Protein chains: 2
Amino acid sequence: MGIAERREREKENLRQEIIDAAREIFVSEGYDKLSMRKVAERIEYSPTTIYLYFEDKSALLREVCEEAFYKLGDAIRKAKKTGRTPLEVLRKGLIGYIEFGLAHPHHYEVAFISPKDKIFGEGDYEFEGSAGQQAFSLLSESVAECMASGDIRKGDVATTAQTIWAGIHGITSLLIMHEDFPFVERKRLINSVVDTTIRGLVP
Amino acid sequence: MGIAERREREKENLRQEIIDAAREIFVSEGYDKLSMRKVAERIEYSPTTIYLYFEDKSALLREVCEEAFYKLGDAIRKAKKTGRTPLEVLRKGLIGYIEFGLAHPHHYEVAFISPKDKIFGEGDYEFEGSAGQQAFSLLSESVAECMASGDIRKGDVATTAQTIWAGIHGITSLLIMHEDFPFVERKRLINSVVDTTIRGLVP
DNA sequence: TCCCGTAACTTAACACTGTAAAGCAATGGG
DNA sequence: CCCATTGCTTTACAGTGTTAAGTTACGGGA
C-alpha cells in the first residue's frame, strides 16, 4: 500500500507549500497584501485549490502564526534556562517577548494586536492550547516563581501576569503600529517600560 | 450674494451628513463593515458623491475620529480640574484614558490600535496638531507637573510619558481586542495596571 | 430673454477581494 | 474494461475602493 502513502505525502507537501508561500508573502507584505490569489499564483495552483487544504483565509493565517509563535515560547523558555534568579528570568522573558514582537511585526499584529476577523474566523478559535496561550502560561509560571521567592510582592498570579502583559504588549504594539510617532530611543524606552513595571511589582 | 452662501451652507450640511452616517455605521459595526456604498445608501446619494467631499475612505474616517478624540482630551482636562494633587490628576487622567477607549472601542481601534492603512492614507497623515496628539501632550504636561512636585521620580519627561502610555494603551487594547481571553475582573485589572505603573514611577 | 459655463451629482467601469458550486480529468480498485 | 473517487480548475457571485466620463440643473453675462 505504498501508493496511498505517497499520495498522502504529496498532499502534505502541497499543504506545507501553501503555508510556505503564505508566510513569505505575509512576512514581507503583511496581512492586507496577502490574498488567496497571490498565494495561488506563487504555488502555481488555482486559488480555490487552497480551500481543499484550509477552511478559509483565517485558518491559513492561523497556521502561519502558530508556526511562528513556537518561537515566542522558545524565547521565554530560553530566559528560564539562562536567568539565575526568578526575577532575572522574568526580566529576560519580558525583553524576549518585546524583541520577538519587533522581530516578527506582522505575526505579532495579527495574533495579538488585531486578531478580530483576522485569525479568529467566526469567534470559535481555540485559544486554549495555542502557542500564544502556552507563551502566556510560561509568563504566569515565571510570575508565580517570583512571588514564591519573594522577588515580587505576593498577590493574585493571574492579575499580576495580565498586568505585566499589558505593559509589554503596550510598548510592543505601539512601536510596531506607530512608526511615525516621535518615540524616544527604542532601547531606552523598552528598558523604561520593563524597569517601571518590575519596580511597580517588587515588595 | 446670499445664493452662493446658501450653496456653501448646503454643501457643508451634506458634508456633515456624510460624517454622521459614517459615524453611525462605524460605531455600531466597526471599520471592516463600514463601506462607502453603505454610507452612500444611508445618505441617499451615489457612492461616488462622497469623493466630492472627502479624498478617500481614510480621510472620512479620520474626520470621524478627530471628532471623537476631542472627548479624550476633555476626559484628561477634566482630570486636571478635579484632581487635587499632581499625582491625583495623573491617576484620574490614566483612568479616563482607559475608560474612553473602552467606551469608544472602534474609534480607539482605528486611531491607536491599528491605524496603518486605516486612518493613515499613504503615510502623510499629520499627527502634529491632531486631537490624539493633543491628548498625549496633556499627559506629558501632567507627568512634568508630577516630577516638579516630587510626586514621581525625576527623569526624561518624554520617556516617562511614553512608558505610561505603553501601560494604559496595553490594557486598553487588550481588553478591546481580546474579548474572549479569560481576563480577571475588569476594574481589578485596570486598577492593577494603573497602580503598578504609578508605583514604578514614584521616587 | 437666451445662452453657456460651471458645479453637483450619477452611471459605468476597473481591478481587486474571499469564497461557493459545478465541471473535468486522471487514476486505482473491482 | 468500467466506474467511482480524488484532485484540481473554471466559472461565477457578491462584495470592496476608486476613477473617468456623462448628465442635469442653475445662475450670471450678453
Side-chain angles (χ1 to χ4, degrees), chain A residues 1-18 21-22 25-26 29-64 110 116-125, chain B residues 1-19 21-22 25-26 29-64 110 115-125:
Chain A
M1 279 299 133
I3 292 169
E5 286 164 13
R6 192 207 63 210
R7 285 283 185 87
E8 190 71 26
R9 241 177 14 245
E10 279 170 3
K11 215 170 177 233
E12 196 52 48
N13 279 351
L14 183 47
R15 194 186 139 87
Q16 192 57 50
E17 264 188 72
I18 294 171
I25 298 169
F26 176 64
E29 307 188 51
Y31 174 82
D32 288 346
K33 305 285 181 183
L34 173 72
S35 79
M36 300 303 257
R37 283 171 170 86
K38 253 189 210 165
V39 173
E41 199 178 0
R42 187 168 288 229
I43 59 172
E44 294 178 294
Y45 281 79
S46 85
T48 51
T49 298
I50 302 170
Y51 289 87
L52 302 171
Y53 294 83
F54 298 93
E55 201 190 336
D56 54 19
K57 193 183 170 184
S58 292
L60 172 55
L61 207 57
R62 215 146 54 211
E63 209 88 357
V64 171
V110 300
K116 277 188 190 172
D117 315 317
K118 286 188 170 59
I119 66 169
F120 297 173
E122 286 300 316
D124 56 346
Y125 170 63
Chain B
M1 281 303 129
I3 291 168
E5 286 165 14
R6 194 207 64 211
R7 283 283 185 87
E8 190 71 26
R9 244 182 6 249
E10 279 172 0
K11 210 164 182 239
E12 195 53 47
N13 279 352
L14 181 48
R15 195 187 140 84
Q16 192 57 50
E17 265 188 71
I18 294 171
I19 294 177
I25 298 170
F26 176 64
E29 308 187 51
Y31 174 82
D32 288 346
K33 305 285 181 184
L34 172 73
S35 80
M36 300 304 255
R37 284 172 169 85
K38 252 187 210 165
V39 173
E41 198 179 1
R42 187 167 288 226
I43 59 172
E44 292 178 296
Y45 281 79
S46 85
T48 51
T49 299
I50 301 169
Y51 288 87
L52 302 171
Y53 294 83
F54 298 93
E55 201 191 336
D56 53 19
K57 193 183 170 184
S58 292
L60 171 56
L61 207 58
R62 214 147 54 211
E63 210 89 359
V64 172
V110 300
K116 278 189 189 173
D117 315 317
K118 286 187 170 57
I119 66 169
F120 296 174
E122 285 301 314
D124 56 347
Y125 170 64

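Everything quoted here is computed from the prediction, not taken from an experiment.
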Need the bend value for the helix from C:dT1-D:dA30 to C:dG30-D:dC1: angle between end axes, 5 pairs each end, nearest 10°. 40°
Tell me whether the side-chain N/O atoms of B:Y53 come closer than 4.0 Å to OP1 or OP2 in C:dA8. no
Closest contact, heavy atoms only, B:Y45 versus B:I43: CD1-O, 3.0 Å
Write down the protein N/O and nucleotide N/O pairs, taken from nucleotides 21-24 of chain D, whose separation is under 3.5 Å; answer none if there are no such pairs.
none

Got a second to check how far B:M36's CE is from B:T49's OG1, nearest 0.5 Å? 10.5 Å
Protein-nucleotide distance (B:R15, atom CZ; C:dC9, atom C1'), rounded to Å: 18 Å
Can you see which heavy atom on A:V39 is nearest to which on A:A22, and at what distance? CG2-CA, 4.0 Å
How would nucleotides 9-14 of chain D be written as a contact map, 5' to 3', with B for base contact, S for sugar-phosphate-only contact and - for no contact, using protein heavy atoms under 4.0 Å? BB-B--
What integer distance in Å separates A:I25:CD1 from C:dT17:P? 10 Å
Mind checking side-chain contact (heavy atoms from CB on, under 4.5 Å) for B:E29 and listing every partner two or more places apart, or none if nothing turns up? B:I25, B:K33, B:K38
A:I18 has an atom CD1; how far is it from atom C1' of D:dG7, in whole Å? 12 Å
Expressed as a whole number of angstroms, how long is the span from A:L34:CG to C:dC16:C1'? 14 Å
Between CD1 on residue A:I50 and CG on residue A:L14, distance to nearest 0.5 Å: 9.0 Å
Hits for side-chain contact (heavy atoms from CB on, under 4.5 Å) against B:F26, two or more places apart or cross-chain, chain-then-number order -> B:Y31, B:L34, B:L61, B:V64, B:H106, B:H107, B:V110
Rounded distance in Å - OH (A:Y31) to C1' (C:dT17): 10 Å
What residues, two or more places apart in sequence or in another chain, satisfy side-chain contact (heavy atoms from CB on, under 4.5 Å) together with B:T48? B:S46
Given side chains that start at C-beta, do those of B:F54 and B:R62 come closer than 4.5 Å, heavy atoms only? no
Please report, rounded to the nearest Å, how far the P atom of C:dG18 is from the CE atom of A:M36. 7 Å
What is the separation between atom CG on B:D56 and atom C1' on C:dC16, rounded to the nearest whole Å? 17 Å
In this structure, how many angstroms lie between the P atom of D:dT19 and the CD1 atom of B:I50, rounded? 13 Å
